[in-house]
Amino acid sequence: MSEESKSLNFIEHIIEEDLTNGMSKDDLRFRFPPEPNGYLHIGHTKAIGISFGLGERYNAPVNLRFDDTNPAKEEQEYVDAIKEDISWLGYTWSKELYSSDYFQQLYDWAVYLIKEGKAYVDSQSSQAMAEQKGTPTQPGVDGPYRNRSIAENLELFQKMKNGECEEGSHVLRARIDMKHTNMLMRDPLMYRVLKKHHHRTGNDWCIYPMYDWTHGESDYLERISHSLCSLEFKPHRELYDWFLDQVVASDTIRPKQREFARLNLSYTIMSKRKLLKLVEDNIVSGWDDPRMPTISGLRRRGYTPNAIRKFVETVGVAKRDNVIDVALLEFCIREDLNKTAPRVMAVLDPVKLVITNYPEGKEEWLEAENNQEDDSAGFRKVPFSRELYIERDDFKEQASSNYFRLTLGKEVRLKNAYIIKGERVVKDAAGNITEIHCTYTEDTSKKVKGTLHWVSIKHAIKAEVREYDRLFMDESPDAHPEKDFMEFLNPESLKIITAYVEPSLKDAKIGERYQFQRLGYFNVDKDSSAEKLMFNKTVGLRDSWAKESQSVGSGEKQSEKQSKAQNNQPQRKAIDIIQQLGKKYTNLPEEKQLKTKAEIQEHAKNVSYDDLHPWFNTAAKKVGTRIATMITLRVLLEQGLDKNEDINTFVASGLEDTNEALVTESKNISRL
RNA sequence: UGGCCUAUGGUGUAAUUGGUAACACGUUUGUUUUUGGUGCAAAAGAGUCUAGGUUCGAGACCUAGUGGGCCAACCA
């Protein structure tokens with residue numbers, strides 16, 4: 001129900017319109033066409049979500065078609081990885097297809113185009129052709145081979161196919177218009193000679209079709225109704241349609257290309273080429289390094305298909321460039337894991353805590369809830385003893401009142417255990433705290449502000465924990481024409497630490513996700529073993545204390561923080577306040593208008609003519625703003641400002657307006 | 001000296017031309033809590049880039065301007 005009432009994006013609108021214009025629902029068919037030259041990343045997930053999502057919505061088939069027309073860059077490894085990623089996301093494709101399946105048909109059509117005089121073999125260097133092509137602002141010129149005879153074209157194309165030509169010696173081009181305003185229409189290449197082994201067709205072919213020639217015809221062969229791609233293909237649409245015009249029969253479904261804005265994520269890069277560089281330069285451990293924005297990286301990091309799908313659904317689909325805040329991705333994974341991840345205790349930065357009044361050698365196994373968000377999650381036992389590890393951050397010798405973790409003389413709760421009171425600290429020669437001594441009470445009913453997590457030293461298991469930070473320190477490392485994205489690499493994107501975890505984690509399986517209480521979500525890395533547990537930090541918990549202590553650290557006072565929060569208004573200029581009051585002026589009932597007018601007049605006393613002057617140009621339809629300006633102007637005039645031409649013009653325009661209030665205010669001034 | 005696309009709170013998306021421009025994230029506040037998490041409640045923040053036009057009525061349509069993006073690979 002709620003699904004149906006959800007608003008449609010522009011692609012869904014197009015489909016709905018096609019449906020009401022007579023297209024049958026049964027003719028709906030989509031495709032996802034990755035090139036197998038790299039791993040899928042979070043940006044692809046958007047394209048996947050759109051096409052497969054449409055398939056689910058309309059119960060229509062979605063083909064997985066590998067766009068494998070360039071044997072130089074494409075590999076089986078990538079095909080396998082792409083299939084795994086799509087499946088993992090939970091999508092099912094209708095048919096697994098390859099553009100290379102259509103090489104023969106494409107070839108036959110190309111011959112047909114030559115015979116129709118719509119394609120020709122060009123035998124120039126790529127440089128010569130580029131020169132003839134012109135620029136976006138200058139038309140191209142015809143090349144010397146453009147009017148080759150059909151017979152000669154046929155013969156040469158045959159030779160190209162038979163492997164009798166060297167790479168680079170000839171190409172087949174569509175014969176369209178070298179002066180076209182769209183560069184792509186200036187006799188685009190259809191085929192090039194490439195004597196390379198292809199991952200599927202082996203050495204069958206010496207010529208390979210180009211993207212534009214291949215894509216639309218492949219869509220047509222598969223009877224794709226809506227061919228959805230990202231915005232940079234918009235100029236290709238004209239060519240896509242031209243190629244279709246040559247072959248489409250009037251009684252068949254003609255695919256429609258439509259374009260949406262690709263996904264950009266702050267602090268990350270999406271270019272496959274650049275991601276490949278990170279892999280090749282060993283900046284990361286591989287395509288599935290948990291810092292990578294690849295699907296395999298996110299999977300290894302601990303993200304769930306659910307979270308990623310929710311994310312893609314939330315960012316929406318439109319045509320303007322966008323940068324999505326990583327905070328939204330993090331929100332999605334937290335939201336999912338909060339409901340599903342079992343809670344455990346782990347200490348990442350340990351300091352020893354000794355409970356002096358707890359008997360030496362005693363141990364207890366206390367009951368702990370696995371997940372309070374999930375009633376079916378049950379309970380487990382955690383061992384307690386005299387000597388524990390707690391987080392170094394959870395103790396301060398001297399602390400302000402808003403610190404409600406452990407200090408000397410104060411009580412805090414140990415999660416799932418007792419209440420303790422800090423008594424004294426033991427330090428080494430350098431002054432570092434080596435032990436904290438405390439006493440405990442078994443009365444757990446007391447109200448205390450803070451609760452700490454802990455592990456019993458005797459029972460704790462050592463584990464390697466990998467904490468990740470963003471790979472880049474710039475919000476859009478990609479977007480600086482003057483700077484290479486590698487300059488923004490974060491040298492501290494990976495921190496490997498030794499942590500102590502509760503013994504229940506001994507048999508944790510690869511891939512399992514946990515919440516380390518009060519810290520964040522972690523999953524068991526694929527390199528983990530019974531001898532050496534390894535965890536990846538997926539994402540931290542929200543931490544309002546970190547935020548607050550940071551703002552205190554930066555010298556921001558509590559009062560400053562509050563005043564900043566309060567409407568952001570205290571420091572605003574009088575003229576700005578007046579404009580805001582003006583905006584709402586015409587919507588107010590008369591009584592309130594009077595009140596607002598008085599307010600404006602009050603603020604007007606602090607306005608200079610220079611501040612006010614620009615507002616004389618306010619658009620005619622913004623009546624409220626003009627009224628406010630008029631009221632303010634009157635105050636200034638009454639304070640002794642002389643009238644000038646600009647003022648007279650402004651007042652005259654007010655007198656001519658249809659709004660009564662504005663006319664009244666204008667009259668008030670013209671009488672002065 | 002071009003063509004095409006685009007412009008709505010900080011971010012991302014909505015809004016059969018008609019009620020006070022909605023939702024999510026983020027921010028702030030209060031509250032609950034054996035996680036400074038979660039939940040719950042609330043607040044702040046936009047007259048929709050600018051100027052004209054069409055219309056009884058424009059965020060939406062038209063024109064111009066401005067800003068941003070894309071287009072000159074034998075890549076996809």
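Lettering of chains follows the sequences in order, A, B, ..., and the numbering in each one begins at 1.
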If I take atom [atom1] in residue [X] and atom [atom2] in nucleotide [N], what distance separates them, rounded to the nearest angstrom?
X	N	atom1	atom2	answer
A/Tyr191	B/rA76	OH	P	12 Å
A/Leu194	B/rA73	CG	P	17 Å
A/Asn371	B/rG39	CG	P	13 Å
A/Met210	B/rA73	CE	C1'	7 Å
A/Arg65	B/rA76	CZ	P	13 Å
A/Leu184	B/rA76	CG	P	13 Å
A/Phe311	B/rU13	CZ	P	11 Å
A/Glu313	B/rU13	CD	P	15 Å

Taking the side chain of [X] as its heavy atoms from C-beta onward, which of [options] lies nearest to it?
X	options	answer
A/Asn70	B/rC74, B/rG69, B/rA76	B/rA76
A/Ser7	B/rG36, B/rG37, B/rA14	B/rA14
A/Ser126	B/rC74, B/rC75, B/rG36	B/rC74
A/Gln517	B/rU35, B/rA72, B/rC5	B/rU35
A/Gln372	B/rG36, B/rU34, B/rU35	B/rU35
A/Lys319	B/rA24, B/rU6, B/rC75	B/rU6
A/Met129	B/rA76, B/rC74, B/rU13	B/rC74
A/Leu541	B/rA76, B/rU35, B/rG36	B/rU35
A/Thr451	B/rC25, B/rU34, B/rA14	B/rU34
A/Arg413	B/rU34, B/rC70, B/rU35	B/rU34

Short side-chain N/O contact from [X] to OP1 or OP2 of [N], under 4.0 Å:
X	N	value
A/Arg405	B/rG36	no
A/His13	B/rA14	no
A/Thr69	B/rA76	yes
A/Arg334	B/rG37	no
A/Thr181	B/rC4	no
A/Lys547	B/rU28	yes
A/Arg192	B/rA76	yes
A/Lys310	B/rA24	no

Counting only Watson-Crick pairs (N1-N3 plus N6-O4 or O6-N4) and G-U wobbles (N1-O2, O6-N3), all under 3.5 Å, who is the partner of [N]?
N	answer
B/rA41	B/rU29
B/rA73	none
B/rU1	none
B/rA22	B/rU13
B/rA64	B/rU50

Using the [atom1] atom in both, what is the distance from [N] to [M], to the nearest Å?
N	M	atom1	result
B/rG30	B/rU13	P	33 Å
B/rG18	B/rA24	P	23 Å
B/rU50	B/rG67	P	15 Å
B/rU48	B/rA7	C1'	10 Å
B/rA22	B/rG59	C1'	13 Å
B/rU11	B/rG68	P	16 Å

- Hey, are A/Glu373 and A/Asn371 close enough side-chain-wise for a donor-acceptor pair under 3.5 Å? no

- Query: Do the two ring centres, one from A/Phe157 and one from A/Tyr191, sit under 6.0 Å apart?
  - Reply: yes

- Determine, using ring centers only, whether A/His44 and A/Tyr39 are less than 6.0 Å apart. no

- Establish whether the base of B/rU35 is bridged to the side chain of A/Gln515 by a donor-acceptor pair shorter than 3.5 Å. yes

- Message: Between A/Glu167 and A/Lys195, does any NZ, NE, NH1 or NH2 come within less than 4.0 Å of an OD or OE carboxylate oxygen?
- Response: no

- Between A/Arg343 and A/Glu369, is there a salt bridge with N-O shorter than 4.0 Å? no

- Message: Heavy atoms only, 4.0 Å cut-off, all strands: where does A/Val323 land among base, sugar-phosphate and nothing?
- Response: sugar-phosphate

- Query: Touch check for A/Tyr208, heavy atoms < 4.0 angstrom, all strands: base, sugar-phosphate only, or nothing?
  - Reply: nothing

- Task: Decide, for B/rG12, between syn and anti: a glycosidic angle within 90° of 0 counts as syn, anything else as anti.
- Result: anti

- Applying side-chain contact (heavy atoms from CB on, under 4.5 Å) between A/Phe243 and each of A/Met190, A/His215, A/His236, report the one that passes. A/Met190

- Query: Has A/Trp545 got its ring stacked on the base of B/rG36, with centres under 5.5 Å and planes less than 30° apart?
  - Reply: yes

Strictly distance-based, threshold 3.5 Å: is any side-chain N or O of [X] a donor or acceptor partner for the main-chain N or O of [Y]?
X	Y	result
A/Arg31	A/Ile224	no
A/Asp68	A/Ser99	yes
A/Tyr102	A/Tyr107	no

- RNA chain B nearest-nucleotide lookup for A/Ala327 and A/Val317: closer to the 5′ end is A/Val317

